[in-house]
*Asks:* 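Input: one structure, supplied below.
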There are 2 protein chains.
Amino acid sequence: MPLGQRAGDKSDSRYCGVEVLDFPAGEGLPAVLNHSLASAFDFILAPLVDPNYRPTPGAVLPVSASDLVLGPAQWSNHVVGKISEWIDLDAEDERLRLDSELTLKQEIAWASHLSLQACVLPAPRRPSCANYARAVNQILQGLTNMHLWLRLPLEKSEPMDDDLDKVKNNSQMSEKVDSWELWNSFRLLCDHSSQLCVALDILSTLPSINSLGRWFGEPVRAAILQTNAFLTNAKGYPCLSKRHQRLLTAFFNHSVQVIISGRSNHNVSPVSEGVLSGDENYIEEAPVRHALSPYLDYVAYLYRRMDPLPEQERFEINYRDFLQSPLQPLMDNLEAQTYETFEKDVVKYSQYQRAVAKALVDRVPDDAVSTTRTVLMVVGAGRGPLVRASLQAAEETGRKLKVYAVEKNPNAVITLHSLIKLEGWESLVTVISSDMRCWNAPEKADILVSELLGSFGDNELSPECLDGAQRFLKPDGISIPSSYTSFIQPITASKLHNDIKAHKDIAHFETAYVVKLHRIANLAPPQQVFTFTHPNFSPDANNRRYTKLQFEMLPDTGSCLVHGFAGYFDSVLYKDVHLGIEPNTATPNMFSWFPIFFPLRKPIYVPDGSPIEVHFWRCCAPTKVWYEWAVTTPSPSPIHNSNGRSYWVGL
Amino acid sequence: MPLGQRAGDKSDSRYCGVEVLDFPAGEGLPAVLNHSLASAFDFILAPLVDPNYRPTPGAVLPVSASDLVLGPAQWSNHVVGKISEWIDLDAEDERLRLDSELTLKQEIAWASHLSLQACVLPAPRRPSCANYARAVNQILQGLTNMHLWLRLPLEKSEPMDDDLDKVKNNSQMSEKVDSWELWNSFRLLCDHSSQLCVALDILSTLPSINSLGRWFGEPVRAAILQTNAFLTNAKGYPCLSKRHQRLLTAFFNHSVQVIISGRSNHNVSPVSEGVLSGDENYIEEAPVRHALSPYLDYVAYLYRRMDPLPEQERFEINYRDFLQSPLQPLMDNLEAQTYETFEKDVVKYSQYQRAVAKALVDRVPDDAVSTTRTVLMVVGAGRGPLVRASLQAAEETGRKLKVYAVEKNPNAVITLHSLIKLEGWESLVTVISSDMRCWNAPEKADILVSELLGSFGDNELSPECLDGAQRFLKPDGISIPSSYTSFIQPITASKLHNDIKAHKDIAHFETAYVVKLHRIANLAPPQQVFTFTHPNFSPDANNRRYTKLQFEMLPDTGSCLVHGFAGYFDSVLYKDVHLGIEPNTATPNMFSWFPIFFPLRKPIYVPDGSPIEVHFWRCCAPTKVWYEWAVTTPSPSPIHNSNGRSYWVGL
């Protein structure tokens, strides 16, 4: 039974499982499963094979239940297999190594036979686990649907502060190993297999926030919440620390399922929601008591207590971590559907209206409003939203306006004409069906309004278009926007990496994608990349750019893996009116732009304490513009997208 | 005019060039070239464009000579272009950066127009040279035949000994940069372009031997020998220190051309070979004196003084660094040509003869020679060379022999029968046309002789074959070989890497190759990998293996790049008679085996002082045997060849 319902959110995190600690001997598994399901758990994490079994030639595998005792759907939907925990593939003892490998392969084969969705692999017993990884990697090559979840303790990482150098010089010397490092080695050895995921054991202590943050870019499928991690509230019921609560909420938000595990430390009577929330109207269910029910009740309470998903998030939920190629609005003509979507972004146009209003007031003093008619040109008018915003700004400020609506898409021009007729703007607006770069304007403009921005600011060639349009801007004229700046930050994004890798070519790793970033870890604050200012009448002006940036990772992050760079923009429309998606200054409730993502062909491992140095180029040729990018610290990457061979924007 | 002739060696190192320091203004290039050629230089390294030129719109590039003043063959065979040295693509000053990039591209375009074979790029002016690399990388994408040689000083690397940690923590802090590091960053940024090579400036001081050694695995095309690097001998003539001499000889051996550069410091009369070598019969040539002729004379003297190439090297010269797929002698039948080649290896068979002789003497005491007939079985008899060696051993020791020659290749069996008839061995040898793994022997053997070894020892499945054959070995019988061990060592091998990369797939990076290693750098001494002992009657015996090795790089190497692992074997035939290709113990003058090479999909950068940890697995399935391999330190690689998906040996 799901933990609850959250409008718009159909993710797996609604489901909560329970770990079966003891081997259900004598085909006892169906009883255990029924008891758990009756107690409102959704699935069990159960051992499949008697842990006392060691491989013997000709022996029948002593499984916890034959495939016949449960239906195929029950196996598949309600059982996650737990691989025997005694296995130790990196033991010194060769016999133990070989037995472990054989058992691992037999158990996975059995789980595949049962069509289980996933099996949990026991945590590696040693920091060096190459042989374990080799065997798992061999298994992964042959798996069709099943996923393997490598179990790892979410432990406090090293006491890095006082003996950083010692740890750096010899990672073997540290007594505890950061479990993220173990995961990273394991998945690198398995070459980023998309079927290799993580199940994290949540214990009573938690590592630093930033070190936890890394996991949100990793394929964490389950949080195994240990009963020992719970505290006891005043009434004797289990509860979690504030930090644990926040972590669980974050997991819920990232589609991570909870599995409750351990022995009960809280032998309490059935809890009512009222006890937890103060709501006395809660109706109790039939008390089928599982020893871990009190913990489930608390987890369900946390789930239901979450704020509902904001409407915008709900709207965008299907775009999460989905890679889209950026638009080419200059080379291609947008379709009506695309205009329709973008025109719904009320916030964006109200920002433009504010900017135009301020510019009009600055340009035309109050005592000149009746004598001055401002010439405003909307370049890239589309189906007219900026024309409307400009006219509304004029009305709001009482300024007279003459508007030219310049648009290169002949289909949009048709709509523009209809709009003007419909709105009765014939005397105010002249429609020009032309590319702004080659239009011969009959007069010069006071104000040039455009919205040619991409997720990375200049990536839809706003600079090149406005260079072409500023010919017909008065020398003291105003461009709205007056400038825009791109930003990047390094991120962990294993899901995006795997989706790109699935194409099996270099070109997809040299393409920037528009993507609603969700399952990612931001590793360092964003920094500015390129800025463009308009108008720019300098004779030396050009739109080529080169920027070198150095990022320091957030404190206490530990080591991490950078799969690429998230990109954003911020734009100054006019004076203090800005518009953008850079996370720290993002315009609220605006949905026209998702971030952009620049991948790395090979993810870069950044050791704890090391900066990452990255280079971005904006390159220009007569018919196209493109970016190249490369990392030089901590280790050089190839330069991506040389000569725009994989990804470019046509002029 | 080449420096000299060396039997069998037709490499580029016979040619010596001279650097033109001053721009030959006014179309003076042909005169400079003619003077140099007349003075016995083979080519010139010359500036192509006036170094005072800065890009100006519409300007004509002030080249040193129009393409018309020299014929196409002259340009191509006798001129290496020198790109203007003032360029600085990583300058703070954007104007200088853009001018530099434009000049670089114009000069390369001009050189391409002239069909030059190579241009020398000036050394990067700063440790951080990403923008330079980006521009060069863009150029490389469009180059068809021309190579670019990045010029780098062969300088002493860092004083690493006393402040290793400081350097490690912040490589910017060190004053001098190891030029290999610069090269490594540059080529990684350029993604190992096969057209990007190195020209090393040889100065008066040299770095440590091991740090020099790294360059022999890199694509060094020219050694630019500075006149300042020369000493003066007692007669006033230029000469080189012993270390410089050894370095130059090593360059000659690795097809590296010398270019002499600098101002003359030795204004001496034409030198005769006699002055240098003591040979008074040397005939002087017509004295066309170039200022740098004394240096050329000395270099030519060093070249001619080299020992001639040994016959075996001459025979193998065309195999150098040429990747061959290993034989599959078990699955495929060898051809007559292959038998023919291997049977010529006199040394190998004389070692076998020695081993059999010792075994016979141990087995049959002198007082039993007349009464005892030893049963010897040659398993994998081929066309009979081991039968012959065994019979010779019997004759030599006066022991009586009964030989079974077991061979699975029916074609070879035909030859065996002819041989026996020809030699009159009918009473001594019984030919068995069968796979040794399924032959039902009529009696048991005292001695089992086989030669089923591959370059990596067990890689042609000797263990599996001998497991099948030991059924008919007496419990106290002898196997020759009695054991064999494989070895690996990490190497730099950029040429091999590029050849494999040209296939543009993963499979070729997961294949082991047989290769006459030549342009490589050995980075650490070889270590043992797997050992097999025969016979092995233990019930637990199996042929799966797993070994983890840690290599410490040779002292003072500095950082390096590991492209993969060279593999060898050594085999104990019987007691102290061994046979093998492990470099430290290799059997002299044996040519049956080249080393094996296990590549890495992505070369691993090993920082100065770091070990490299590598894992090798020998995996067995019912129909095939394969290796998997992975690096875990300093950073994990993917596990190569999982499940033998790319490379395996059929059973």
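Keep in mind that this is a model prediction, so the values were computed, not measured. The chains referred to below are lettered A, B, ... by the order of the sequence lines, with proteins before strands, and numbering in each begins at 1.
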*Asks:* Could you walk me through whether B:Lys548 and A:Ser128 pass the side chain to side chain contact (heavy atoms under 4.5 Å, CB included) test, one step at a time?
*Replies:* CA-CA 10 Å; B:Lys548 172 166 80 172; A:Ser128 172; 3.4 Å; yes
*Asks:* Heavy-atom pairs under 4.5 Å with chain A are the metric here; pick the option from B:Tyr605, B:Tyr546, B:Phe186 that has the most.
*Replies:* B:Tyr546
*Asks:* Only counting residues at least two apart or in another chain, list the ones meeting side chain to side chain contact (heavy atoms under 4.5 Å, CB included) with B:Ala512.
*Replies:*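 Result, side chain to side chain contact (heavy atoms under 4.5 Å, CB included) vs B:Ala512: B:Ile596, B:Phe598, B:Tyr647.
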*Asks:* Atom CD1 of A:Ile639 and atom CZ of B:Arg134: how far apart are they, to the nearest 0.5 Å?
*Replies:* 7.5 Å
*Asks:* Is there a side-chain contact between A:Asn542 and B:Glu94 in this structure, where contact means two heavy atoms from C-beta onward sitting under 4.5 Å apart?
*Replies:* yes
*Asks:* In terms of heavy-atom proximity below 4.5 Å to chain B, should A:Ser185 be classed as side chain, backbone, both, or neither?
*Replies:* both
*Asks:* At a heavy-atom distance under 4.5 Å, which candidate from A:Arg187, A:His615, A:Gln141, A:Lys504 has the highest pair count against chain B?
*Replies:*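 Option with the greatest count: A:Gln141.
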*Asks:* Tell me, for B:Lys602 versus chain A, whether the close heavy atoms (under 4.5 Å) come from the side chain, the backbone, both or neither.
*Replies:* side chain
*Asks:* Give, for atom OG1 of A:Thr632 and atom CG of B:Leu188, the distance between the pair rounded to the nearest 0.5 Å.
*Replies:* 11.0 Å
*Asks:* Would you call A:Asp191 and B:Arg601 a salt bridge, using N to O less than 4.0 angstrom?
*Replies:*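 Judged by the 4.0 Å cut-off on N to carboxylate O distance, A:Asp191 and B:Arg601 do form a salt bridge.
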*Asks:* Against chain A, label B:Asn184 side chain, backbone, both or neither, depending on which of its atoms sit under 4.5 Å from a heavy atom there.
*Replies:*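 B:Asn184 has no heavy atom closer than 4.5 Å to chain A.
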*Asks:* Measure distances from B:Leu98 to the heavy atoms of chain A and classify the residue's part below 4.5 Å as side chain, backbone, both or neither.
*Replies:* side chain
*Asks:* Name the region of B:Asn641, side chain, backbone, both or neither, that has any atom closer than 4.5 Å to a heavy atom of chain A.
*Replies:*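 No part of B:Asn641 comes within 4.5 Å of chain A.
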*Asks:* Do A:Arg544 and B:Glu101 sit within salt-bridge range, that is, some charged N less than 4.0 Å from a carboxylate O?
*Replies:*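 Between B:Glu101 and A:Arg544 there is a salt bridge, with a charged N closer than 4.0 Å to a carboxylate O.
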*Asks:* Quick one, B:Pro638 and A:His192 - any side-chain contact, counting heavy atoms below 4.5 Å?
*Replies:*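 Sidechains of A:His192 and B:Pro638: no contact.
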*Asks:* Return the minimal non-hydrogen interatomic distance between A:Leu189 and B:Val631, and the atom names on each side.
*Replies:*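 Closest approach of A:Leu189 to B:Val631, heavy atoms only: CD2-O, 4.1 Å.
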*Asks:* Let me know if A:Glu628 has heavy atoms under 4.5 Å from chain B in its side chain, its backbone, both or neither.
*Replies:* side chain
